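Since the structure comes first, as structure tokens, the remarks are kept for the end.
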Amino acid sequence: MFIEDTISAAATAMGEGAIGIVRISGPRSCEIAERIFKSASGRSLTKYPPNTLLYGHVLDAEGATVDEVLAVFMRAPHSYTAENVVELQAHGSLRSLQKILSLTYEAGARPAEPGEFTKRAFLNGRIDLVQAEAVMDIIRARSEASLKLALRQQQGQLSRELAVLRRKLVDVIVAIEAVIDYPEEDIEEITLAKVKTAIEETRVGIVALLANSHTGRIMREGMKTVIIGRPNVGKSSLLNRLLREERAIVSEFPGTTRDLIEEQLLLDGIPLVLTDTAGIRATEDHVEKIGVAKTKETLKDAELAVVVLDGAQTLQEEDREILLSVKEKPYVIIVNKSDLEQKLERISIEEEFGTDNVVLLSAKTADGVEAFIAWLKKFVYGAPGRLEDGVYVQNARHEQLLRQACGSLDDALTAIEDKVPYDCIIIDLRNAIEAIGLITGDTVSDEIINEIFARFCVGK
Ligand SMILES: Nc1nc2c(ncn2[C@@H]2O[C@H](COP(=O)(O)OP(=O)(O)OP(=O)(O)O)[C@@H](O)[C@H]2O)c(=O)[nH]1
Ligand SMILES: [Mg+2]
């Protein structure tokens with residue numbers, strides 16, 4: 001791919017900072033930089049070895065100093081975009097950055113679109129789409145774990161894994177085509193058995209990636225968690241306890257919380273998007289009714305329901321209804337107010353809902369919070385420490401395409417079972433390869449590429 005124009009943008013945040021960087025990339029980047037930058041030594045940027053900082057000034061058209069800067073030239077392909085890149089490190093002043101940028105435009109650069117530098121790195125073949133998308137995940141990482149996973153992806157771990165899977169499927173197609181071209185009975189038998197094994201192995205590889213995708217996505221986006229229960233059981237107290245601040249109003253009157261209260265937090269490295277809700281009960285109060293309706297709505301797209309029960313009371317009919325309403329999705333039962341004398345029939349709840357899903361806790365004293373976090377970790381990570389290695393799919397787009405690939409392989413396996421003509425099996429395999437190619441960007445359309453990079457920030 002040949003890219004003709006040269007782009008520029010501020011690579012640092014447009015605001016006050018120690019330094020502000022203007023990045024210029026494209027075939028004319030040196031020429032444009034030379035027009036506005038004068039080194040103190042008087043030597044031109046290209047006369048210095050690449051990747052060397054050069055002290056000087058940015059001057060406007062009248063020759064007046066705009067700012068004092070350090071300039072660096074990175075020669076293609078050894079730069080972020082794999083093109084000739086010049087970066088001007090100015091003072092981190094909004095005015096100075098704006099002025100330098102407009103000078104680059106006057107000198108012939110075009111303002112970069114969001115994500116255009118990374119897009120060029122992709123179009124120039126320095127990185128694949130998976131690695132490009134990881135760049136944004138690195139910038140937006142909400143937790144250390146998410147950062148770690150994104151870095152791994154950016155360094156190509158997922159790409160390599162996908163390349164292996166793809167290679168395998170291509171080999172299978174080649175083997176089948178050989179049979180089509182030279183149909184001999186015994187070769188056919190052996191080939192078909194081998195083909196089946198290879199497809200099954202590839203499928204196992206994809207399923208393994210998908211198994212990790214749940215954790216990956218939680219790390220990236222945070223797990224949508226909703227606290228529900230009947231009024232006064234201590235939902236808001238639990239939210240406050242986990243946040244370690246008095247975020248929601250707590251009172252001894254049932255029906256205190258009426259609106260949703262959403263907060264993001266990290267619990268021992270696990271990012272949660274936690275919502276406190278209005279207690280669910282039959283009520284005539286107009287506002288409270290709306291609150292209850294909202295609670296039920298939120299529950300629908302939550303990934304985890306935290307059902308709070310009051311341990312100091314016996315189980316009520318409303319509790320039972322709430323417990324039944326979450327049975328379809330992942331949930332954990334918090335038996336709250338463990339500091340008070342317990343009246344709740346905990347044993348029978350554990351019998352019905354499983355000991356592993358019940359945590360005894362006191363939002364008042366914080367007793368049991370550790371147990372709750374331990375439960376969460378087990379839920380998110382599965383076996384402890386798994387996050388340390390392995391390849392994680394963090395991106396919903398990748399997840400969806402992997403599912404698609406898996407579906408095509410299932411079709412191929414059924415086709416083999418049903419002794420369907422080889423051509424049909426090849427079509428299924430090609431579909432799987434295509435889906436994998438859409439992840440890495442090998443077979444992706446311009447439209448999707450544009451859509452992906454539009455979510456980036458300008459300057460990246
Ligand atoms: N002793 C004790 N009291 C608690 C505990 N958690 C909450 N409470 C008390 O229970 C009452 C209700 O607490 P909230 O957190 O407002 O309960 P809620 O579930 O949010 O109630 P609504 O918003 O009305 O649905 C308050 O008086 C709290 O102080 C606990 O662990 N121990
Ligand atoms: Mg409340």
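This is a predicted model, so every value here is computed, not measured. Order of appearance sets the numbers: ligands from 1, and atoms from 1 within every ligand.
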Geometric cation-pi criterion, K460 with Y80: 6.0 Å, 45°: yes
Atom 5 (C) of ligand 1: nearest protein contact (heavy atom, Å): K337 CG, 3.6 Å
Separation of I452 CD1 from M136 CE (nearest 0.5 Å): 13.0 Å
Among T295, N336, I227, closest by any non-hydrogen atom to atom 6 (N) of ligand 1: N336
Criterion side-chain contact (heavy atoms from CB on, under 4.5 Å) on Q342 and L360, from CA distance to verdict: CA-CA 11 Å; Q342 296 294 289; L360 190 61; 3.9 Å; yes
Side chains of K364 and K337 in contact at under 4.5 Å (non-hydrogen atoms): no
Nearest candidate to atom 11 (C) of ligand 1, where distance is taken over non-hydrogen atoms, out of S251, S237, G291, G234: S251
Side-chain touch E317/E321, heavy atoms, less than 4.5 angstrom: yes
Atom indices of ligand 1, in the order listed, that fall short of 4.0 Å to a heavy atom of L340: 1 (N)
Element-labelled atoms of ligand 1 that are located less than 4.0 Å from some non-hydrogen atom of P254: 24 (O)
Atom 18 (P) of ligand 1: the protein heavy-atom neighbour that sits closest, reported with distance to 0.1 Å: K235 N, 3.5 Å
I249, I228, N232, I280: member with heavy atom nearest to atom 22 (P) of ligand 1: N232
Contact (N/O only, under 3.5 Å) between T277 and ligand 1: no
Main-chain N/O of L401 paired with Q404 side-chain donor or acceptor, under 3.5 Å: no
Geometric N/O contact D339 with ligand 1, under 3.5 angstrom: yes
Atom 28 (C) of ligand 1 - nearest protein heavy atom and its distance: V250 CG1, 3.6 Å
Donor-acceptor contact present, side-chain N232 to main-chain G255, <3.5 Å: no
Ligand-side contact atoms (ligand 1) for residue partner F253, heavy atom cut-off under 4.0 Å: 24 (O)
Contact (N/O only, under 3.5 Å) between K364 and ligand 1: yes
Side chains of E87 and I24 in contact at under 4.5 Å (non-hydrogen atoms): no
E434 versus T443, side-chain donor and acceptor atoms under 3.5 Å: no
Reference residue E133; test salt bridge (charged side-chain N to carboxylate O under 4.0 Å, His left out); the match among R220, R140, R397: R397
2.8 Å cut-off (strict), protein N, O or S atoms about the Mg ion (ligand 2): 2
Under 4.0 Å to a heavy atom of G279 - the qualifying atoms of ligand 1, by number: 25 (O)
Nitrogen or oxygen of A363 less than 3.5 angstrom from that of ligand 1: yes
Inter-residue atom distance Q316.CD - R230.CZ, 0.5 Å rounding: 4.0 Å
Side-chain donor/acceptor of Q131 to backbone N/O of D128, under 3.5 Å: yes
Heavy-atom gap G229 to ligand 1 smaller than 4.0 Å: no
Under 3.5 Å donor-acceptor, N240 side chain and R247 backbone: yes
Side chains of S93 and S96, donor plus acceptor under 3.5 Å: no
Polar atom proximity, A278 to ligand 1 (N or O, under 3.5 Å): no
Numbered atoms of ligand 1 (with element) below 4.0 Å of E252, judged on heavy atoms: 27 (O)
Per-atom contacts, ligand 1 versus S362 - under 4.0 Å to a heavy atom: 31 (O)
Gap between atom CG of D442 and atom CG of L162 - 0.5 Å precision: 9.5 Å
